[in-house]
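Here the structure is a predicted model, which means the values were calculated and not measured. Atoms within each ligand, like the ligands themselves, are counted from 1 in listed order.
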Amino acid sequence: MATVIYGSEAAVELRQQMKERIQKLKEDGKRIPCLGVILVGNNPASQSYVKGKTKACDSIGMLAKEVDLPADITMDTLKAEIGKMNADPGIDGILLQLPLPKGLNENEAILTIDPKKDVDGLHPLNIGNFYLNEPCFVPCTPLGVMELLRRMNCEIEGKTAVVVGRSKLVGTPVARLLQNANATVTICHSRTRNLKDICSKADILIAAIGEPRFFTADYVKEGAYVIDVGINHVVDGHLCGDLDFDSVEKKAAYITPVPKGVGPMTITMLLENTLKAYEGTV
Ligand code: NAP
């Protein structure tokens with residue numbers, strides 16, 4: 001049976017350390033770090049994600065300044081709001097909750113964010129620096145995946161890693177981080193042939209496709225390190241991941257659950273990136 005590695009437990013530990021760092025700043029009479037959050041429209045999922053993020057800030061004593069904008073705002077108004085946060089020395093990181101409502105150009109909005117405050121790592125300058133191995137903000141979910149592998153005591157160097165999913169926010173940057181850690185990486189996607197065969201040879205398997213319980217034990221090598229990034233809402237209202245957890249758990253050496261796996265790590269890495277922006281340590 002696999003050892004289950006809970007992101008929720010890692011998150012508690014890491015957030016406690018950040019809370020102590022912020023407490024020390026308070027005691028020293030320094031400014032408190034602040035995450036600026038922009039929510040456009042009233043998409044319930046986005047509202048709930050934003051709530052989770054501002055609550056997480058609060059839990060460690062970090063400030064969160066939320067700006068809620070109506071769905072029908074113009075691109076110019078959105079850019080002006082981002083500009084205000086760029087110019088505000090009291091705001092260290094900017095989180096523009098995606099997706100934006102129809103009619104607003106996400107890439108144009110992201111380009112407006114000051115790269116030094118781009119704690120989601122979405123600005124082209126950060127993306128470019130990431131692929132040049134220069135200092136930059138790295139997207140939060142991939143950072144969370146790497147932290148979970150670390151907590152599995154996974155020695156990545158020399159291992160074969162398969163990342164299923166090639167999105168710019170998850171699959172592609174995860175693959176890059178694994179490659180930088182000297183794994184031999186294969187990226188798979190919806191047009192990959194013989195997916196099961198490729199996955200079942202991987203020492204490290206990262207499932208990031210958004211298909212409920214897609215990966216059964218047949219996709220998994222005996223003793224593999226398996227991370228489930230997927231978040232899927234299934235009919236009974238419960239969340240599940242991309243792994244068929246019950247069968248994979250019997251074959252893998254380490255596995256992450258959904259919920260309580262990668263999700264809490266993503267928010268934790270957002271807090272960490274905001275602290276780095278505050279400290280200027282990126
Ligand atoms: P996305 O942009 O929709 O990308 C999905 C990727 O999976 C695409 O590259 C797609 O291939 C590939 N794919 C889809 N079905 C496939 C299949 N049957 N076989 C092989 N590849 C397949 O999604 P995303 O943003 O990367 O997110 C992936 C999952 O992670 C979602 O469930 C999302 O909710 C979750 N997520 C979780 C967190 C977290 O904090 N835990 C954060 C972000 C995302 P093509 O490129 O060929 O279309």
Pairs of donor and acceptor atoms involving the side chains of residues 205-217, under 3.5 Å and at least two apart or interchain, shall be tabulated with distances.
none

What protein heavy atom sits nearest [atom], and how far away is it?
{"atom": "atom 6 (C) of ligand 1", "result": "G165 CA, 3.7 Å"}
{"atom": "atom 19 (N) of ligand 1", "result": "L195 CD2, 3.9 Å"}
{"atom": "atom 17 (C) of ligand 1", "result": "I209 CD1, 3.9 Å"}
{"atom": "atom 28 (C) of ligand 1", "result": "A208 O, 3.5 Å"}
{"atom": "atom 4 (O) of ligand 1", "result": "S167 CB, 3.8 Å"}
{"atom": "atom 9 (O) of ligand 1", "result": "R166 N, 2.8 Å"}
{"atom": "atom 20 (C) of ligand 1", "result": "H189 O, 3.2 Å"}

Would you say the side chain of [Y] lies within less than 4.5 Å of the side chain of [X], judging by non-hydrogen atoms?
{"X": "I91", "Y": "K65", "answer": "yes"}
{"X": "I22", "Y": "L275", "answer": "yes"}
{"X": "N232", "Y": "C240", "answer": "yes"}
{"X": "E81", "Y": "V40", "answer": "no"}
{"X": "L96", "Y": "L122", "answer": "no"}
{"X": "L270", "Y": "V119", "answer": "yes"}

Does [X], backbone or side chain, put an N or O under 3.5 Å from an N or O of ligand 1?
{"X": "I231", "answer": "yes"}
{"X": "D242", "answer": "no"}
{"X": "R191", "answer": "no"}

Part of [X] with heavy atoms under 4.0 Å of ligand 1, whether side chain, backbone, both or neither:
{"X": "V229", "answer": "both"}
{"X": "T266", "answer": "side chain"}
{"X": "E211", "answer": "side chain"}

May I have the list of side-chain donor-acceptor pairs in residues 133-144 shorter than 3.5 Å, sequence neighbours left out?
from: N133; atom 1: OD1; to: N180; atom 2: ND2; distance (Å): 3.0
from: T141; atom 1: OG1; to: T266; atom 2: OG1; distance (Å): 3.0

Worksheet item: Taking the non-hydrogen atoms of G263, is any one of them nearer than 4.0 angstrom to ligand 1?
Response: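 Contact present.
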Worksheet item: So is T141 in contact with ligand 1, going by heavy-atom distances below 4.0 Å?
Response: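 Within the 4.0 Å threshold, so yes.
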Worksheet item: Given L104, which of T77, I73, T74, D72 fulfils the side-chain contact (heavy atoms from CB on, under 4.5 Å) condition?
Response: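 Single pass found, and it is I73.
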Taking NZ, NE, NH1 and NH2 as the nitrogens, is one of them in [X] or [Y] under 4.0 Å from a carboxylate oxygen of the other?
{"X": "R21", "Y": "E279", "result": "yes"}
{"X": "D88", "Y": "K84", "result": "no"}
{"X": "E20", "Y": "K24", "result": "no"}

Item to complete: Can you figure out which of C240, A207, S190 has its heavy atom closest to atom 47 (O) of ligand 1?
Response: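 Minimum heavy-atom distance to atom 47 (O) of ligand 1 goes to S190.
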For [X], counting its heavy atoms only, list the atoms of ligand 1 lying under 4.0 Å from any of them.
{"X": "V262", "result": "41 (N)"}
{"X": "F214", "result": "18 (N)"}
{"X": "V164", "result": "20 (C), 21 (N)"}
{"X": "V170", "result": "26 (O), 43 (C), 44 (C)"}

Practice prompt. Indicate whether the side chain of D203 and that of T160 have a donor and an acceptor atom separated by less than 3.5 Å.
Written response: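 Yes, T160 and D203 have a side-chain donor paired with an acceptor closer than 3.5 Å.
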Practice prompt. Please indicate, with yes or no, if any protein heavy atom is found under 4.0 Å from atom 30 (O) of ligand 1?
Written response: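 So atom 30 (O) of ligand 1 has protein heavy-atom neighbours under 4.0 Å.
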